[in-house]
Amino acid sequence: MSKDLYQDAHQPALAAYLEGLIPPRPPVLQEMEAYAQRTRFPIVGPAVGQLFYLLTRLGRARRVFELGSGYGYSTAWFAMGVRDNGGGEVFHVVWDEDLSRSAREYLRRMGLAELVRFRVSEAVEELRRTDGQFDIVFSDIEKEAYPASLPVIKQHLAPGGLMLADNMFWRGRVLDPSCTDAETRGVREFTRDVFADPEFVSTIVPLRDGVLVARKR
Ligand SMILES: C[S@@+](CC[C@H](N)C(=O)[O-])C[C@H]1O[C@@H](n2cnc3c(N)ncnc32)[C@H](O)[C@@H]1O
């Protein structure tokens with residue numbers, strides 16, 4: 001895998017080491033990784049993918065909602081976890097028709113499409129109108145939209161459910177006080193809100209660009 005695609009910008013050697021530990025992926029996942037490398041599409045990569053699989057298994061998750069899906073890479077890791085938990089459903093939600101179509105094809109080839117509900121939509125609105133609660137909600141939407149999504153995610157999380165979010169370091173920008181753009185401010189505000197919320201027990205796993213793991217009480 002490319003050295004620069006998934007790397008933690010601050011500790012590249014450590015990031016490469018951690019990624020190198022992940023066992024070879026199924027051929028379709030490897031194809032998706034190669035596509036990301038070619039096109040520089042920001043997938044979560046294998047180390048974070050494996051974390052998602054692990055959390056799905058540990059939490060015995062059967063219902064997962066993903067906000068801001070790409071062409072199905074992170075979805076595939078959640079779907080493998082749900083499959084190995086005995087089945088359930090994973091929502092793949094993206095506003096790009098083409099990405100949704102690609103995801104359908106990749107996940108069909110992996111034998112996972114039956115588990116996945118594909119929605120072409122703005123993700124927070126889609127979650128708002130989706131019935132029931134989820135064991136895991138993972139967000140990878142535009143970063144300025146993170147703060148406003150929090151109450152909607154929280155409302156749809158089952159007690160004991162996990163909220164996950166990518167890019168909590170925003171490529172190091174959250175650490176740099178001179179960065180005050182809307183996306184960086186969005187990640188900072190979301191981080192403050194989650195960690196201040198007594199209903200969540202939260203941490204940021206410093207894999208790649210930082211992954212929030214927050215358990216709702
Ligand atoms: C970073 S990519 C997701 C990558 C994915 N997590 C993976 O690892 O395979 C985010 C995608 O979500 C889409 N997106 C961003 N904000 C969105 C929103 N509010 N609603 C729906 N899609 C959104 C973007 O267009 C992009 O295709």
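For ligands, and for the atoms within them, numbers begin at 1 and follow the listed sequence.
Ranking the protein heavy atoms by distance from atom 5 (C) of ligand 1 puts Ser74 OG, 3.3 Å first. Distance from atom 20 (N) of ligand 1 to its nearest protein heavy atom, with residue and atom name: Ala123 N, 2.9 Å. Protein heavy atom closest to atom 19 (N) of ligand 1, with residue, atom name and distance, is Glu122 OE2, 2.6 Å. Nearest protein heavy-atom contact of atom 22 (N) of ligand 1 is Trp95 N, 3.3 Å. Among all non-hydrogen protein atoms, the one lying nearest atom 11 (C) of ligand 1 is Ser69 O, 3.4 Å. Nearest protein heavy-atom neighbour of atom 27 (O) of ligand 1: Leu99 CD1, 3.1 Å. The single protein non-hydrogen atom nearest to atom 16 (N) of ligand 1 is Glu142 N, 3.1 Å, given as residue, atom name and distance.
When Val44, Thr75, Val124 are checked for heavy-atom proximity to atom 8 (O) of ligand 1, Val44 turns out nearest. The option from Asp140, Asp166, Asn167, Val94 that lies nearest to atom 1 (C) of ligand 1, judged by heavy atoms, is Asp140.
Proximity to Gly68 (heavy-atom distance under 4.0 Å) selects the following atoms of ligand 1: 3 (C), 10 (C), 11 (C), 12 (O), 22 (N), 23 (C). Within ligand 1, the atoms closer than 4.0 Å to a non-hydrogen atom of Gly70 are 3 (C), 4 (C), 5 (C), numbered from 1 in the order shown. Set against the non-hydrogen atoms of Pro42, the atoms of ligand 1 under 4.0 Å away are 1 (C), 4 (C).
Using a 30° and 60° split on the angle between ring planes, Tyr35 and Tyr71 fall in the perpendicular class, above 60°.
Under the 4.0 angstrom criterion for non-hydrogen atoms, Ala145 is not in contact with ligand 1.
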In sequence, state the C-alpha distance, the side-chain angles, and the governing distance for Thr130 and Arg119, and then conclude on side-chain hydrogen bond (donor to acceptor under 3.5 Å, both in side chains). CA-CA 11 Å; Thr130 301; Arg119 304 281 185 268; 5.8 Å; no

Name every donor-acceptor pair, under 3.5 Å, that has one atom in a side chain of residues 132-141 and the other anywhere in the protein, sequence neighbours excluded.
unit_1: Gln133; atom_1: NE2; unit_2: Gln155; atom_2: O; d: 3.4
unit_1: Gln133; atom_1: NE2; unit_2: Leu157; atom_2: O; d: 3.3
unit_1: Asp135; atom_1: OD2; unit_2: Arg62; atom_2: N; d: 2.9
unit_1: Asp135; atom_1: OD2; unit_2: Arg63; atom_2: N; d: 2.9
unit_1: Asp140; atom_1: OD1; unit_2: Lys143; atom_2: NZ; d: 3.0

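Between Arg108 and Glu114, none of the side-chain N atoms (NZ, or NE/NH1/NH2) sits under 4.0 Å from a carboxylate O, so this pair counts as no salt bridge. Salt-bridge check for Arg128 with Glu125: passed, with a basic side-chain N closer than 4.0 Å to an acidic carboxylate O. Using a cutoff of 4.0 Å between basic side-chain nitrogens and carboxylate oxygens, Glu33 and Arg25 are scored as salt-bridged.
The side chain of Phe138, and not its backbone, has at least one atom closer than 4.0 Å to an atom of ligand 1 (non-hydrogen atoms only; side chain from C-beta on). Only the backbone of Ser121 comes within contact range of ligand 1, with a heavy atom under 4.0 Å; no side-chain atom does. Contacts between Leu67 and ligand 1 below 4.0 angstrom, taking non-hydrogen atoms only, are absent altogether.
A donor and an acceptor atom, one from each side chain of Glu189 and Tyr146, are nowhere located under 3.5 Å apart.
The number of heavy atoms from other shown groups lying within 6.0 Å of OH (Tyr53) is above 12.
For Ser74, the side chain to side chain donor-acceptor pair (under 3.5 Å) criterion is met by Glu66, not counting sequence neighbours.
Looking only at distances, a side-chain donor or acceptor of Lys216 sits under 3.5 Å from a matching main-chain atom of Lys154.
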